[in-house]
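Read the structure below first, then the notes.
Just the heavy atoms: all of them, side chains too, but no hydrogens, waters or symmetry mates, feed the values below.
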Amino acid sequence: MEYDYNLYVLGAGSGGVRASRISSSYGAKVAVAESTYLGGTCVNVGCVPKKLFVYGSHFHEDFNDANGYGWDVSVNGFDWPTLRDNKTAEIERLNGIYRNLLQNAGVDLHEGHAKLIDAHTIEVNGQRFTAENILIATGGWPTVPEFPGAEHVITSNEAFYLDTFPERVVVVGGGYIAVEFAGIFAGLGAETIQLYRGPLFLRGFDDSVREFVKDELPKKGIDLRFNTDVERIERDGDTRIVHLKDGSTISADLVLYATGRHPNTENLGLDAAGVTLGARGEIQVNEDYQTNVPNIYAIGDVTDRIQLTPVAIEEGMCIANNLFTDRPKIHLNYDTIPTAVFCQPNIGTVGPTEAEAVALHGGDLDIYESTFKPMKHTLSGRDERTYMKMIVRRSDDVVLAVHMVGPDAGEIIQGIAVAIVAGATKKLFDTTVGIHPTAAEELAKNVILFLGDGMGISTVTAARIFAGQQQGLDGEEYDLAFDRFENLALIKTYNTDAQVPDSAGTISAIVTGQKTRMGVLSVTSDVPRGDCVKALNHELPTILQLAESAGYASGVISTARITHATPAGTYAHSPDRDWENSSEMTDEHRAFGCKDIAQQLVDMEHGDGIDVILGGGRAQFYPDTTTDPEYADRTGARDDGKNLVQAWLNKANNRMYAWNKADFEKFDSNPNKQYMALFEPSHMQFEADRVRDPGGEPSVAEMTTFAIKRLQSNEKGFFLLVESGRIDHAHHFSNAYRALSDTVAMSDAVAAALELVDLEETLILVTADHSHTMTISGYPPRGNPILGKVPQPENPMYRDENALPYTTLSYANGPGYQETLPDLSDIDTTAPNYQQLGTVPLPSETHGGEDVAAFATGKNAEAVRGIMEQNKLFDVMTDALNFLDGLLGSAAYFPLVLLGMGLFFTIYLGFPQIRYFKHAWSVLRGKHSQQDDPGDTTHFQALSTALSGTVGTGNIGGVGLAIFLGGPAALFWMWATAFVGMTTKFVEVTVSHKYRKQDDKGNMVGGPMHYMEYGLNMKWLAVFFAIATVISSFGSGNLPQANNMASGLMTSFAIPTWLSGAVLAVLLGLVIVGGIRRIAVVAATLVPFMGILYAFGALAVVLSNYENVLPALASVVSDAFTGSAATGGFLGASFAYAFNRGVNRGLYSNEAGQGSAPIAHASAKTREPVSEGMVSILEPFIDTLIICTLTGLVILSSGVWQQKFETPFAEFDTHIIAGTYSDQNPEHVSQLFAHLDLSPPANDPVKAFSGELEVINGVIQGNAATILHNRSIAEEVIVYADNTLYSGTLQVAEGSMVTDNLLLQGKSLLHSVPLTAQAFQASFLGIFGEYVVTIGLVMFAFSTALAWSYYGDRAVTYLVGSRWVTPYRLLYVVGFFLATVADTSLVWLISAITVALMTLPNLIGIFLMRKEVKNMAAFAQHIAVGRIIKLSQYR
């Protein structure tokens, strides 16, 4: 049947206009009808004019705020007609733009009310039109409930066109429209009351957001009244009398009802067309926006789903694409739609609320919250705050939602929404550098942890009263410095093996994030106390060590010994807290490698060590033959003869030490110096006794002040622990006076810190490690001395039976026990030395097991709430600091994710690489294949195609680079990666194979983009993956491979690069034009041939060096967890380097988890996805465990990896350092080893050279500098200029040559392909060894280019259709040729990025489909034992 139009749209709002325009651009004939105004609600009576009014209403605040910035602003008043009319002019301009958009797109505009006559006929102004498809996009309309006087109210529609501005306004409603208009009217000067019948407005938003907005809006002058409903409204002249159901009344000039909107479906003729409506009049549609009438569709507010303009626009895009293109259908993901509410302050939100997230994910959540004053208002003085909440799924660190209230929240949330839709993790958020200063950065620089040892809640209460009474004030109403902190939590203190804890286990929980046993320091909970051997391999990194490693400053202050449990827990790892010095340990402990705590402080290798160390305990650092400087009758405690104070001073020339207050006061807070002061042989004096100390001691507040001033000089920030350790000791003595005095002293230190730091960038946390048994009891009257006796009450029930007085404070146990209760009548219980009574006789009072308090203020302080596990305080501090970016910037973070995913699936599926390995070979041979199996290639061809993509230059040059950087141990980590990679391959190929499809040419196609779209319904993720694959096909499979081939042929056979490039490009084009069938045939021939040829050559070399093979293998294993020592010119490699390079090489070699191989395997002939998954297990085995291992053994057995050879120096591998270094000097080797490691020390003694070097006849004169090339000390270096020996000046800046057109050549280590080639040449093959490497390199690289062309081919087809495949192939061949004659040094960097972009969505996808994979794998075992069953239900 012929129709007038392919698409007829009812409604020219944002969604209708978008659908009309785009459909017309796709070739459809389109008309749109509109009876009211072009642009719909949003443009005319919605978001656009509303936001203009919001802007206008905010100027009143801006004028006032300007005073704080020095502006004297005179405001003459507000003119409503000006704002209203200017707004109207702007809307009329937009109406004209919409009209032009439709006309320019070729859309017919019918102005009038449209009504359906039947499913294909529309009537407008009496004229009828027919349409193949009809789209209803008529939007919504404000709803006013029926009640007496409803005629006296207006809706948001009329609010934009008021004749006069009201002085008194009542807004009724609790949705976002009501909240926005209340802010507009109040901001423009009206007395505004907002009524809502429920307990809290903004239903559907996060509860924390709702509460925060409730607190902020009254600051804007809005009178909020909840649980309030209107009974009727009467009019008295121009006044509306609002009668409330509670009997009260409100007089107003205007009443605006914003109580909801209903779908605009009346009088559209929908019943005549047979369209079904819902209970609220909404049009019901399916996921394709299709009604029950197949050719009638609906989008936007008329469907009553999500009433947002951008949603309607995107739905319009979907309609146009799905109806008028041959592209795959697209659908809108409604789960992560960002939303903004333009109340004042703004709300921005994306993702589920906390309640919704809990319903979806249970307890698998971490909630991060922060409130702060925006920087603008630090000068304006306005009492306005910003709120942020991030909801993270704990199991995978994915950010599920972000909610924000504050200025420009709507603008900020748009950018955050992009990250959330992309599946970003919190760590990715953390590693993104914030723009400063903005609300979006919202991170702390500093964390100060004040810890009152034994400061239980009863101690805090008693100390508060004590402090007030000491000053002659009301003690009960007095506040300690931290009592005023706005965030408070109760902390569970138990150890893993104890109900009542000790200080070692508690500090370990606080600073490492993991609870552990009593008596051990910062080691895992499975380490028994005193077990030296087990402790060595079970250390837990502490927040101080993490901070130092990330470049932050650090400090530790304690009134106890600095080696005592709490301070020691921040820097030491010990199975026994008592191992404070060498005399506490046995020779056996030392033989195993365990160190005492004092030694660990001096030897600390994190960063540049602790910057400020203040406390007691100097005896732990001096030998027992050294007399103490303060007490002539005391000596040091060490039995190993070491003077650790001097050792600490000798480690750097910027350190100062003091043992008394006079020397301490000479400390100058120099930012380049580090300070240690140890004021006592053991613990420092109690605060009550400090003034009588012979050498003098500073107070806790004085030490805190000095530390903060010194640590603040670090631009990144600092971590500082301040422990009042002697509170605990006084309690153990049952001496409340000293316990309370030391608590008050710590409060003074907190007050000092508050004076020095900016809480906008600092978190201050005050807590205790545990409690004590001291109680407050006896009904003393107000004002009674807290240390005094309880007056005898009148009531005999509360009097001592012997009529004896007793104290308010007492202990449940301890040395204060007396068999006969003493008469305290004449005893001064407030005296400093009085010992409170105890109930149970013990030589030392014990800890208490009840919860302790945590007080917090500043950045991330909001995370301290409710009842918390003690180890969660670690998360609060690290989340505030966010220093993980410094730790992960150079670490193997992304490969770790890949390795972790492989390990997870290996365990989750029960080691399929072992169980299915044998059966995989039989499947590969076609033993189980059927004639009618769907597909285009055999199992062997599919495997060969996938292998041709993975077996490339990395198997030759990449292995050489890994060993060069990581030493022999890198090969071990390649093996480990290949082993778990076999499972990852199995998973990704199996799930991709299940969702493969037949394309328009009859070919079987598949890959991650297919399971992402059809299995996960995540089209956006599939598109993201496909785009990354196209880019990677050039970055990984084309450009670098071509360049390596041409370079190798030029070096070995003198073939010009343009000639080899042209020949190889033609061959490549001839193969890829035949598609997967031809690529598979070539791969099935080329891969076995090249693999066997290379393997035989490598095996021959290894056998010729047979005497070195076993030692090489031994070093591979022995160095795996320790790193490799220096040998020859090789300067050594740390474990981190070996792990990093081995895992990187293994992953990028076999591509497990990258998602490329499933594209090749999708073409295999089989009905069983798991069968092809089994075949893919063989890829990492062949690629890494065979080919890479052979390359590695050739290099290691030949010994060339530690030898220097004549080579031209590449500029990016050359680094010039100051001074003379030799690899024959162990100290030099050690320094260079640290300098070249992944994380060089902050106090690195190796410095880059800057200056001039004199060169005569090519030889550098003098000893001012040493040249490093390829991570080795270069020898016999000659400088050339235009191929002649150079004489003159060599300019160097920060280790790099500045003088142009100079070339350095000399002897250094080799890496990559040259290293592998040298290893082959060093064998009996001689010069032929180079040819073996070159031929292998060419074949490997060519096969990789073939496979990646197919991967890109399939990705292009998925994205834009098969018509673009030919242009892609042509571009691929041209790019291949150009790369043979061009410099592609940047290509590998681009490749690494795009490979990561491919891998991330693939890992997300296979993890989300893990249960489905497990179901399929459950049947794989039946296949593996020969019972072939049909798995149609799993396809």
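No side-chain heavy atom of Tyr289 sits less than 4.5 Å from a side-chain heavy atom of Leu323. Side-chain contact check for Phe986 versus Leu909: some heavy-atom pair is nearer than 4.5 Å. The shortest distance between side-chain heavy atoms of Thr291 and Thr276 does not fall below 4.5 Å. Side-chain contact between Asp206 and Thr349 is absent, with no heavy atoms from C-beta onward closer than 4.5 Å. With a 4.5 Å cut-off on side-chain heavy atoms, Glu988 and Met901 do not count as touching. Proximity of Ile391 to Glu354: side-chain heavy atoms (C-beta onward) are separated by under 4.5 Å at one or more points. Two residues are said to be in side-chain contact when any heavy atoms from C-beta on lie closer than 4.5 Å; Tyr1358 and Thr1029 fail this criterion.
Side chain to side chain, Ser1163 and Asp936 fail the donor-acceptor criterion of an N or O pair below 3.5 Å. In this structure, a donor-acceptor pair under 3.5 Å is absent between the side chains of Glu1172 and His993. The closest side-chain donor-acceptor pair between Ser1033 and Tyr1368 falls under 3.5 angstrom.
Between Thr937 and Ala942, the closest heavy-atom pair is OG1-CB, 3.9 Å. The minimum heavy-atom distance linking Thr984 with Gly902 is given by the pair OG1-CA, 3.1 Å. In terms of heavy-atom proximity, Gly16 sits nearest to Ser20 at O-OG, 2.7 Å.
Proximity of a side-chain donor or acceptor of Asn321 to a complementary backbone N or O of Pro328 within less than 3.5 Å is detected. With Ser1349 contributing its side chain and Leu1346 its backbone, the two residues share a donor-acceptor pair below 3.5 Å. No donor-acceptor distance shorter than 3.5 angstrom exists from the side chain of Gln307 to the backbone of Asp301, with no hydrogens or angles considered.
The line from CE of Met1009 to CD1 of Ile1027 is 11.5 Å long, rounded to the nearest 0.5 Å. Taken from CD1 in Ile1177 to CG in Leu943, the straight-line distance is 11.5 Å, to the nearest 0.5 Å. Here Ile337 contributes atom CD1 and Ile306 contributes atom CD1; the two are 3.5 Å apart, rounded to the nearest 0.5 Å. Here OH of Tyr8 is found 12.0 Å from NZ of Lys29. Values are rounded to the nearest 0.5 Å. In this structure, the separation between OG1 on Thr977 and CG on Leu903 is 11.0 Å, given to the nearest 0.5 Å. Separation of atoms CE (Met1174) and CG (Leu924) is listed at 13.0 Å; rounding is to 0.5 Å.
Relative to the six-membered ring of Tyr1372, Arg1369 misses at least one condition, a distance below 6.0 Å or an angle of at most 45° to the axis.
Ion pairing of Lys997 with Glu1013 is absent here, as no side-chain N (NZ or NE/NH1/NH2) approaches a carboxylate O to less than 4.0 Å.
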